[in-house]
Amino acid sequence: MFPVPKAPVQHWLIKSEPFKYSWAQLEKDGRTLWDGVRNFEARNNLRAMKEGDLCLFYHSNEGKDVVGIARVVRAAYPDPTAPGEDWSVVDVAPHKPLKLAVALDLIKSEPSLSEMQLLKRSRLSVVPVEKSHFDLILKLGKTKA
DNA sequence: GCCAACGTTGGC
DNA sequence: GCCAACGTTGGC
C-alpha cells in the first residue's frame with residue numbers, strides 16, 4: 001500500500017495580551033480553547049486550522065514578542081462564549097517554548113520578514129505565517145520545532 | 001495615554 | 001451601496 005499522504009502542517013501566529021492569557025498560563029493549563037475572536041478574517045483563519053498545525057504564540061501590547069509555539073489539538077468548533085452566534089474556537093496546547101523570545105523590533109529589523117502578516121495586518125489576532133518565516137522566527141529564537 | 005489603522009455599523 | 005461615525009486593537 002502507498003502511505004497515506006499527510007496534509008502539510010500549516011503555520012499561524014496567534015496573539016494574546018499576556019495580561020489576559022499568557023504563554024505561562026497556557027503551559028500551566030496544558031491546553032485551552034482559543035476563544036473570544038470577534039473578527040471575521042481572524043475567525044476564518046481559525047476555521048482553516050487543522051489538528052497538528054503550529055502557531056507562533058505572540059504577546060501583544062506587553063512584551064511584544066513571540067514566546068512559544070502552540071499546537072492545534074482540535075479543529076474549529078463553535079465558540080461557547082458566543083452562543084447562537086457564528087464564531088469559532090480551536091483548542092491549542094503548548095508545543096514548545098522559544099529558548100529566546102523573538103521581539104517585534106527584531107522581526108521588523110529582519111528584511112526577509114517584512115512581508116509577515118504580523119507586520120502588514122497588525123490588528124489581526126490570528127494570521128497565517130509562511131513556512132520560511134516560521135522557520136526563521138524559530139531560528140532567531142534558537143529553537144527547533 | 002495617545003493616536004493611527006481599520007473593521008463594523010447604521011443612516012440615508 | 002456609499003460613507004460617516006464609532007469602537008477596538010496595538011504600537012509607541
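Just so you know, these numbers use all the heavy atoms, side chains as well, and skip hydrogens, waters and symmetry mates. We name chains A, B, ... by the order of the sequence lines, and we start the count at 1 in each one. Keep in mind it's a predicted model, so treat the numbers as computed, not measured.
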Q. Centres of the A/W87 and A/F40 rings: under 6.0 Å?
A. yes

Q. Does A/Y58 make a side-chain N or O approach to OP1 or OP2 of C/dT9 shorter than 4.0 Å?
A. no

Q | Value in whole Å for how far the C1' atom of C/dG10 lies from CG of A/D65 | A | 14 Å

(Q) As a quick check of understanding, evaluate side-chain contact (heavy atoms from CB on, under 4.5 Å) for A/C55 and A/H11, giving each step before the final call. (A) CA-CA 6 Å; A/C55 308; A/H11 303 89; over 6 Å; no

**Q.** CA sep, side-chain torsions, deciding dist, call: A/L138, A/V102, side-chain contact (heavy atoms from CB on, under 4.5 Å)
**A.** CA-CA 8 Å; A/L138 259 52; A/V102 178; over 6 Å; no

(Q) Pair A/Y21, A/D29 - check side chain to side chain donor-acceptor pair (under 3.5 Å), show working. (A) CA-CA 11 Å; A/Y21 196 88; A/D29 292 346; 2.6 Å; yes

Q. Atom NZ of A/K120 to atom P of B/dA4: distance rounded to whole Å?
A. 21 Å

Q | A/Y77 atom OH: more than 12 heavy-atom contacts under 6.0 Å | A | yes

(Q) How many whole angstroms separate atom CZ of A/R123 from atom P of C/dC12? (A) 15 Å

Q. Pick the nucleotide of DNA chain C nearest each of A/K108 and A/K20; which residue has the one closer to the 5' end?
A. A/K20

Q: Could you tell me whether the phosphate oxygens of C/dT9, OP1 or OP2, come under 4.0 Å of any side-chain nitrogen or oxygen in A/K15?
A: no

Q: For A/Q117 and C/dG10, give me the distance from atom CD to atom P, rounded to whole Å.
A: 14 Å

(Q) Tell me the interatomic distance from A/F40, atom CZ, to B/dC6, atom C1', rounded to whole angstroms. (A) 14 Å

Q. Atom CG of A/N61 and atom P of B/dG1: how far apart are they, to the nearest Å?
A. 14 Å

Q: For A/R38, report the nucleic acid contact type (base, sugar-phosphate, nothing); a contact means any heavy atom under 4.0 Å.
A: nothing

Q: Mind checking A/N39 for me? I need base, sugar-phosphate or nothing, with any heavy atom below 4.0 Å counting as a touch.
A: sugar-phosphate

Q) Quick one: is A/S60 getting a side-chain N or O under 4.0 Å of the C/dG10 phosphate, OP1 or OP2? A) yes

Q | Selection from B/dG7, B/dT8, C/dG11 that lies nearest to any side-chain heavy atom of A/R121 | A | B/dG7

Q: Provide, to the nearest angstrom, the distance between the CZ atom belonging to A/F19 and the P atom belonging to C/dG10.
A: 15 Å

Q: Mind calculating the distance between CG (A/L118) and C1' (C/dT9) to the nearest angstrom?
A: 13 Å

Q: Mind checking A/K64 for me? I need base, sugar-phosphate or nothing, with any heavy atom below 4.0 Å counting as a touch.
A: base

